[in-house]
Novice: 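Pasting a structure here, questions to come.
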2 protein chains.
Amino acid sequence: MSVAEIGDRVGLSSTPCWKRIQRLEADGVITKRVALVDQDKIGLGLSVFVSIESGDHSDAWLKTFADAVSAMPEVIEFYRMAGDVDYMLRVVVADMRAYDQFYKKLIGTVPLKNVTSRFAMEKIKSVTALPVPPMTVS
Amino acid sequence: MSVAEIGDRVGLSSTPCWKRIQRLEADGVITKRVALVDQDKIGLGLSVFVSIESGDHSDAWLKTFADAVSAMPEVIEFYRMAGDVDYMLRVVVADMRAYDQFYKKLIGTVPLKNVTSRFAMEKIKSVTALPVPPMTVS
DNA sequence: CCTGAAATTATCTACCA
DNA sequence: TGGTAGATAATTTCAGG
């Protein structure tokens with residue numbers, strides 16, 4: 001959508017609309033512009049949720065672990081969790097064989113107490129749009 | 001990045017490069033172009049992974065459940081899983097209060113056998129880039 | 001399928017209310 | 001903050017190998 005078109009929708013001409021977008025980018029609200037791709041159509045049809053219990057909770061261990069896992073391109077998301085699970089990953093790979101390779105790489109990197117892999121059979125919904133509340137006109 | 005710049009990187013002038021991108025869009029490989037936004041900066045700092053066991057496994061139940069959950073904007077991802085967990089959600093909300101409202105909405109929609117919420121304390125990595133293997137020159 | 005150039009459309013800058 | 005208008009740079013179409 002062009003800036004002019006966005007401007008129309010919010011009732012603004014293109015210059016002030018463009019300036020607002022520039023500010024959102026300068027402030028880091030907008031982090032990047034990307035093209036979204038169909039996972040299946042590029043042969044990366046397997047999504048896996050991985051729950052990890054660490055055992056070791058030292059700062060040094062965490063740094064090693066965080067750096068190693070972050071560097072793995074198959075890891076799309078990586079969170080430190082509250083509760084019974086310490087870390088949670090969302091991993092995207094081509095198939096089970098590729099996942100097994102990833103899994104061996106993962107458990108070979110640092111010692112882990114427990115790793116549970118849960119496999120997605122069907123993607124029912126997947127969006128990037130965040131639930132922004134509708135603007136209230138003042 | 002401009003089409004001309006992409007063309008430079010792959011050793012192509014802008015016209016064929018543009019045509020290839022058009023074809024990727026026509027074929028549905030590229031599904032959309034979006035701007036990515038910093039969750040925390042727009043006040044949606046809480047990510048929750050929700051594991052669901054359904055109990056009921058009929059087609060009718062699934063359709064009702066899938067439609068209802070898909071319609072909830074807080075649900076960013078929604079998968080049908082293999083194994084002990086039947087469904088897995090990734091939910092984004094402002095805070096615990098907002099999550100509680102979402103949770104009540106979720107369990108009030110259809111009967112569910114078990115719902116487990118796991119809360120993210122720290123986002124260590126979150127990308128949209130898929131692990132595309134590097135091109136091999138033929 | 002590619003190059004190169006022309007036509008169109010968008011972004012971005014300068015300046016004013 | 002918002003607006004108009006013009007400069008710049010992108011995308012998209014076209015002619016031709």
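Every chain is numbered from 1 and lettered A, B, ... according to where its sequence line falls, protein lines coming before strand lines. Here the structure is a predicted model, which is why all the values come from computation and not from measurement.
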Novice: Should the ring pair B/W61 and B/F65 be called parallel, tilted or perpendicular, given that the plane angle runs from 0 to 90° and is split at 30 and 60?
Specialist: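 The rings of B/W61 and B/F65 lie parallel, inter-plane angle below 30°.
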Novice: Can you pull the contact range of chain B along DNA chain D, 5' to 3', using atoms under 4.0 angstrom from its heavy atoms?
Specialist: D/dA10 to D/dC14
Novice: For nucleotides 10-17 of chain C, read 5' to 3', which letter fits each nucleotide if B means a protein heavy atom sits under 4.0 Å from the base, S means only the sugar-phosphate is that close, and - means neither?
Specialist: SSSBBB--
Novice: Heavy atoms, side chains only, cut-off 4.5 Å: are A/R20 and A/L12 in contact?
Specialist: yes
Novice: Taking the inter-plane angle between the rings of B/Y79 and A/F49 on a 0 to 90° scale, is it parallel (under 30°), tilted (30 to 60°) or perpendicular (over 60°)?
Specialist: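 The rings of B/Y79 and A/F49 stand perpendicular, inter-plane angle above 60°.
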Novice: Under 6.0 Å from the CG atom of B/D59, do we count more than 12 heavy atoms belonging to anything else shown?
Specialist: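 Open.
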Novice: What's the separation between atom CZ in B/F78 and atom CD in A/E122, rounded to the nearest 0.5 Å?
Specialist: 8.5 Å
Novice: Would you please say whether a donor-acceptor pair under 3.5 Å links the side chains of B/Y103 and B/S117?
Specialist: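 The answer is no; no qualifying pair exists.
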Novice: What class does the angle between the rings of B/F119 and B/Y99 fall in, given that below 30° is parallel, 30 to 60° is tilted and above 60° is perpendicular?
Specialist: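 Plane angle over 60°, so perpendicular.
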